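Report on the following structure.
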Amino acid sequence: MSRKPRSLKQIQAQLADQMRATDHSWAEIGREFQRRFHVNARVALRQARGWTQPEAADRWTRRWPEDPKTFKNFSYWEAWPSSTGYAPSLEVLDRMAQLYECSVADLLSDSNDYGAQRHPAFSQVRESGSGPGPLAPPPRASAGSAPLTAAGAPVPAGFRSGIQSGVRSEARSEVRSEVEDPEDLLSSVSSVPGISSLMTMPDGGNSLSRRSALLNLSSLIAVAAAAPVGADRAMAAPAGRVDEAMVANTGVIVGGLRQQNAALGPSATVQTGMAMRSMMESVVKDAPNQLTGRAWVVYGDLAHLLGWMMFNMGQDKLAAFYYEDARKAAYQADDYELAANVLAAQAHLSMSAGDHQAAIDHAQAAEEAARRTTSRHARAYTADMTARVYASAGQGARSLAALERERKQMQRIDWNEPAAERWGFYGPSFYWARESECHLLLGHPVEAADAGVLAQARFNPAYLHNNAMTMARRAQAQAQFGDVPLACQALSEAARMATIAGSQRLGTEMKRARDLLVPYQSEPVVQALDVRMGRYRRQRGAADLGGIRPPDAAEQA
């Protein structure tokens, strides 16, 4: 009589033994593991053999020592086609089939059948504007998607904040349906004020490639969408009583400021945001009791955005002021989702200042706040920030564990459902960008560069600042392991984006990358990079923060 199994691994081993004893093939056992344990084909076939990922990697390396693999390789292959995975090549699939004694088709038996219409799975989701893919993402509140001139439609009952109504726009799809050629499409929007610099190649050289045209086009659409957020529209004091439509419309305008910041950077947005905050103080004070909580949420989102812009501009004291203002607003509104977002930002600020203990404390508080919400976005993003602060503190195991928590939370997100507007920036690309940064901080340049490539393939091109930051860190990683041409290419592209959406923080990351290229100063590719960056630098028009000072405590709402 066999002993009763005490663990999942023992259950799996017992099942595999029983099926092998009755003459089942490994492929048949794998399919049974898929059905019974709800895992994909590659995981099922490995578990059928009773191997962990490190054990499978060890067997691979012993069989093909000229092509060693680690457990991380198997983790990426098994996560595919999820956005956190890496597609195995045909050669890899062939060798995995040899290891598991099955066919290549058995390793892909869980793949989608595109012969019939299906709802898009998480693994098929790609961020808007990130390039060709099997399926486009569902419309959601994200950069360039919220109409800034929308009339204030009433917000459905039960929504905590007007910005959580997931306002959508079909502007991009309409434009694409009218004009197919990207260069024609660029010219069709070139009349928008302030975007002509996007059309000019600073080195005076090649014409726009299709990729560059589409990158610029996404940026232009975001700029055009943000254009209505003018001083005469956003800064006026509210007239009449504060009602539901006013609070909802104010939330939409705050979302527009986020879009403008993503497209043009903080210097072009911060003054409007500060004036908007003054107006929001009146809204909060005059809001009736049933709207006070939602008004505080909009105010907190705006204060958080101001803090983020100040942080990117290198104004840490102002950032700390606005983050604390946003945190107080979150607790006034009893909104733990907003609180989690703000606490994560405060962790980032402490990390940047070198106070690792304060950063870890804030990150842990952010994760605790996120656990009190139903938001998968909040739980994933706070794990993301925890990974970052642990990596900065040199605690590699904890950083990678937090990345794993983030990955699992992201897989549980229903990308068909619109999230709160504050999460518009967050998607699969963000995970890979964070993994790249964490590996860079932990001294793993090869892994950092690989993750940076995966992030870049998924980014929405309209998020110029996030794109440029990832490019700058990727350049650092490539320079560290001596791939000078690719490092120069990545840094040049980051500098091009910085002409539009630059910030002091981005400049710091770019300088770090350039400093790593000093040993290669005599190489022509580095000298050409300096010439190109000089032209970009002269073109950059980022405004200085000037004489902005934090408001007095008495001015707070």
Side-chain angles (χ1 to χ4, degrees), residues 140-141 145-169 228-229 231-259 272-308 322-343 345 369-370 372-375 377-378 417-424 551 553-557:
R140 60 173 181 164
S145 66
L148 306 183
T149 57
V155 179
F159 276 59
R160 172 172 275 174
S161 166
I163 62 172
Q164 292 174 329
S165 59
V167 182
R168 302 179 182 182
S169 170
V229 191
D232 58 338
R233 184 177 186 86
M235 300 181 194
R241 66 186 182 85
V242 175
D243 57 15
E244 190 171 5
M246 176 181 288
V247 174
N249 266 345
T250 306
V252 171
I253 294 173
V254 172
L257 289 177
R258 277 202 183 91
Q259 297 164 24
T272 304
M274 293 179 72
M276 184 77 183
R277 175 181 172 275
S278 298
M279 185 274 283
M280 274 304 302
E281 291 176 346
S282 299
V283 171
V284 170
K285 290 175 182 175
D286 296 339
N289 291 338
Q290 68 271 22
L291 293 176
T292 300
R294 285 169 49 192
W296 273 116
V297 169
V298 176
Y299 179 93
D301 276 324
L302 178 58
H304 173 268
L305 176 61
L306 283 168
W308 177 245
Y322 286 113
Y323 283 157
E324 185 62 20
D325 200 25
R327 189 182 65 83
K328 292 176 181 176
Y331 289 120
Q332 286 280 355
D334 194 26
D335 190 322
Y336 280 94
E337 184 178 339
L338 173 58
N341 196 19
V342 176
L343 286 163
R372 300 191 182 197
T373 77
T374 59
S375 170
H377 288 77
E417 291 295 323
E421 193 279 333
R422 67 173 68 97
W423 304 118
E555 295 180 4
Q556 298 181 51

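When reading the values below, keep in mind they use all heavy atoms of this one structure, side chains included, and skip hydrogens, waters and symmetry mates. These figures come from a predicted structure and were not determined experimentally. Along the sequence shown, the residues carry numbers beginning at 1.
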Side-chain heavy-atom pair H304, D325 within 4.5 angstrom cut-off: no

S375 versus W423, closest heavy-atom pair with distance: OG-NE1, 3.8 Å

For the student: nearest non-hydrogen atoms of A287 and T292, plus distance: O-OG1, 3.6 Å

Less than 4.0 Å between a side-chain N and a carboxylate O, is that true for K285 and E281? no

Could you walk me through whether L338 and W296 pass the side-chain contact (heavy atoms from CB on, under 4.5 Å) check? CA-CA 10 Å; L338 173 58; W296 273 116; over 6 Å; no

Rounded distance [0.5 Å steps], OH in Y322 versus CG in L302: 9.0 Å

How far apart are the closest heavy atoms of Y299 and V284, and which atoms are they? CB-CG2, 4.0 Å

Going from CD1 on I253 to OG1 on T272, what distance comes out if it is rounded to the nearest 0.5 angstrom? 11.0 Å

Minimal non-hydrogen separation, Y323 against W308, with atom names: OH-CA, 3.3 Å

Side-chain touch V252/E421, heavy atoms, less than 4.5 angstrom: no

Spacing of D301 atom CG and R258 atom CZ [to the nearest 0.5 Å]: 4.5 Å

Let me confirm one number: the CZ-CG distance from R372 to D335, rounded to the nearest 0.5 Å. 13.0 Å

Reported CG-to-CG distance for the pair L306 and L257, which is rounded to 0.5 angstrom: 8.0 Å

Quick test of your reading of the model: are E337 and R422 salt-bridged, counting only N-O distances below 4.0 Å? yes

In short, A370 meets A340 closest at the heavy-atom pair N-CB, 3.8 Å

I'd like to know whether R294 forms a side-chain contact (heavy atoms from CB on, under 4.5 Å) with E244, so could you lay out the CA-CA distance, the side-chain angles of the two residues, the decisive distance to 0.1 Å, and finally the verdict. CA-CA 9 Å; R294 285 169 49 192; E244 190 171 5; 3.4 Å; yes

For A369 and L343, the nearest pair of non-hydrogen atoms, with its separation, is CB-CD1, 4.3 Å

